[in-house]
Amino acid sequence: VEVTVQETSPFDGQKPGTSGLRKAVTVFQQKHYTENFVQCILDSIPEEKRKGCTLVVGGDGRFFMRDAIQIISRMAAANGVGELVIGHNGIFSTPAVSCIIRKIKARGGILLTASHNPGGPEGDFGIKYNTENGGPAPEAVTNEIFARTGKITSYKLCKEITVDLDTIGSNSWEVEGHTFTVTVRDSVEDYTQLMKEIFDFDLLKKLISGDSDQQPFKFVANAMNGVTGPYLKRILCQELGAPDSATLKCEPKEDFGGDHPDPNQTYAADLLELLKEGVHQIGAAFDGDGDRNMILGQNAFFVTPSDSVAVIADNAMCIPYFAKTGLKGVARSMPTSAAIDRVGQKMRIECFEVPTGWKFFGNLMDAERISLCGEESFGTGSDHIREKDGVWAFLAWLSIIVSRKMSVQDIMKDFWKKYGRSFFLRCDYENVDSEAANKVIEVLRKAVEDSSLVNKTLTGGSGKEQKSYQVKSTDDFSYTDPIDGSLTSKQGIRVIFTDGSRLIFRLSGTGSTNATIRVYVESYEPDESKHMQEAKNVLKPLLDIALDISQLQKLTGRDAPTVIT
Ligand code: VG1
Ligand code: CO
């Protein structure tokens, strides 16, 4: 087949955010828009490495994914790529892509997802590039891709190539002197095999069939119409013998059934209601592309993601993978609560604090400095791959439950008793006017620059709930990667109080329109008798302080957050 060179010109704003380029579907549908970005990804791979290389391609099944895969196939062929390994029907979860890149030693992968953002013709689409370690491209690469999008004048494609995504197997084309192959691969097989290596499936089978001491064990896993459906069916039902009724919303839908595929108490309210009935011992939900998870115990007992990763660290020896390798070190993103730090300190292992976004964990894992890490945004994962991994996190919890023979709530209470409890809340102000959002950050940045808050005593709450906190320090978080020395600055304003409580403010980097302000509130409670309080009540005074010092309500006109997680 022939290679065509198509002239084009740059589009503004093709800047990858926290996790790839995310925009409305209609933006990607513009003539040349998707092609430009794909060409810049391919150009970011040095020519000698690109020639004849293998790339993994797949996505969460959202609207426009199939079109994007055809575009990528035609362009990969024309740019000298040797093989594309594509998920059956285009389907690969984000963790599965990471798994396969590593397994077949591919050069990298292109992921078609906007994660937890709604999909469909009126929803969002996204493209993310992962490198050969299986993880999201580091900033140096995404910055280079962005720089190229501002200068692009043409792209290459093979117009005659059309890929059959619905049939497993290989097809080849001769493209001006080289062979281009497309291999459509089972979406779930490789990932399932990896999970079998990490967890004790025989033990989990016993838990699920009721042969363990915890009978009868009932759970429910909700795919939110996203990509995890086929993975849940294969692993939980086929491999572990759970009944069909244990999995919900497992058919990946182009528009996620009109829902917001984000596993939190707001968007997975149906799971919350179901767990409140008290019938199930554990419930889990996953996001569109399968890298996020929410864990609920019986009666909808909520496990914060910050606690979840800390509990997995504390109970790592219940998981055969960690029992074998040990926990090398742990890490969390900056806004995530310090619960895992306390586990790390007790174990005398290294504990890292990185900026928001999974790409910052990759170097630490590659250098074998950490084995386990997490983000407050429902992201939990380990060095078995280089993405956060929702289904893995659920299997980790099942492993802990069966080993410790305790309920989710008792595991949590026991953890708090041992380490104290970090109360944590995140308040999101979505779809705020960008200028107003920037103003809020400016106000805070100014307070950091002139140290005007330091040593001040700030008070929030009213009546009996009134509480004062003294500011210890303020900064705009910056991070120097301990492995490659790269510096990432302006990652969020931190206000740290003398008792260890924290307020953090940052703007989201995954939205597609306007701005989202995230306010993170955390406090620490060592006293066991206070551990069962509501986070909302405990953190009310701190939240008042946050709104006061940021002037958020005045500047944005918002009197309440859109979502609280
Ligand atoms: C959000 C989360 C961040 C997460 C990112 C990608 O980013 O806060 O922790 O890594 O989404 O998750 P931001 O910049 O909007 O705060 V996912 O599941 O979209 O790949
Ligand atoms: Co996701």
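Both ligands and their constituent atoms are indexed starting at 1 by order of listing. Atoms considered below: every heavy atom in the structure, side chains included; atoms not considered: hydrogens, waters and symmetry mates. In this chain, numbering begins with 1 at the start of the sequence shown.
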[X]: numbered ligand 1 atoms lying under 4.0 Å from its heavy atoms:
| X | value |
| --- | --- |
| Ser115 | 17 (V), 18 (O), 19 (O), 20 (O) |
| Glu375 | 3 (C), 4 (C), 9 (O), 10 (O) |
| Thr18 | 5 (C), 7 (O), 13 (P), 14 (O) |
| Ser19 | 6 (C), 20 (O) |
| Asp287 | 18 (O) |
| Thr356 | 3 (C), 8 (O), 9 (O) |
| Arg518 | 8 (O), 13 (P), 15 (O), 16 (O) |
| Ser377 | 2 (C), 3 (C), 4 (C), 8 (O), 9 (O) |

What about Arg506: any of its N or O atoms under 3.5 Å from an N or O on ligand 1?
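Yes; at least one N/O pair falls below 3.5 Å.
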
Does an N or O from Gly509, backbone or side chain, lie closer than 3.5 Å to an N or O of ligand 1?
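Yes, there is a polar N/O contact under 3.5 Å.
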
Residue pair Gln193, Glu189: steps toward the side chain to side chain donor-acceptor pair (under 3.5 Å) verdict
CA-CA 6 Å; Gln193 291 313 325; Glu189 182 62 28; 2.8 Å; yes

The Co ion (ligand 2) to Ser115: any N/O/S contact under 2.8 Å?
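So Ser115 does bind the Co ion (ligand 2) by this criterion.
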
Salt bridge or not for [X] and [Y], using N-O below 4.0 Å?
| X | Y | value |
| --- | --- | --- |
| Glu375 | Arg332 | no |
| Asp259 | Lys253 | no |
| Lys490 | Asp476 | no |

Quick check: closest heavy atoms across [X] and [Y], and the distance to 0.1 Å?
| X | Y | value |
| --- | --- | --- |
| Thr562 | Glu430 | OG1-N, 2.7 Å |
| Leu444 | Phe505 | CD1-CG, 3.4 Å |
| Leu165 | Gly90 | CB-N, 4.2 Å |

Check whether any heavy atom of [X] sits under 4.0 Å from an atom of ligand 1.
| X | result |
| --- | --- |
| Glu387 | no |
| Gly379 | no |
| Arg426 | yes |

Residue, atom name and distance, where the atom is the protein heavy atom closest to atom 1 (C) of ligand 1
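So the nearest neighbour among protein heavy atoms is Arg292 NH2, 3.6 Å.
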
Tell me whether the rings of [X] and [Y] are parallel (<30°), tilted (30 to 60°) or perpendicular (>60°).
| X | Y | result |
| --- | --- | --- |
| Tyr520 | Phe424 | tilted |
| Phe286 | Phe394 | perpendicular |
| Tyr479 | Phe360 | perpendicular |

Counting heavy atoms only, which part of Arg22 comes closer than 4.0 Å to ligand 1: side chain, backbone, both or neither?
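Looking at Arg22 and ligand 1, just side chain atoms fall under 4.0 Å.
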
At under 4.0 Å between heavy atoms, which part of Asp291 makes contact with ligand 1: side chain, backbone, both or neither?
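Side chain only; the backbone of Asp291 stays clear of ligand 1.
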
Please give the atom name: the N, O or S atom of Asp289 nearest to the Co ion (ligand 2).
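Going through the N, O and S atoms of Asp289 one by one, OD1 ends up nearest to the Co ion (ligand 2).
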
Given OD1 of Asp291 on one side and OD2 of Asp287 on the other, what angle do they make at the Co ion (ligand 2), to 10°?
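About 90°, to the nearest ten degrees.
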
Exercise: do Ser377 and Arg518 side chains pair donor with acceptor under 3.5 Å
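Result is no, nothing qualifies.
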
Over 12 foreign heavy atoms within 6.0 Å of CD, Glu122:
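No - once you tally the heavy atoms of other residues, nucleotides and ligands closer than 6.0 Å, there are 12 at most.
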
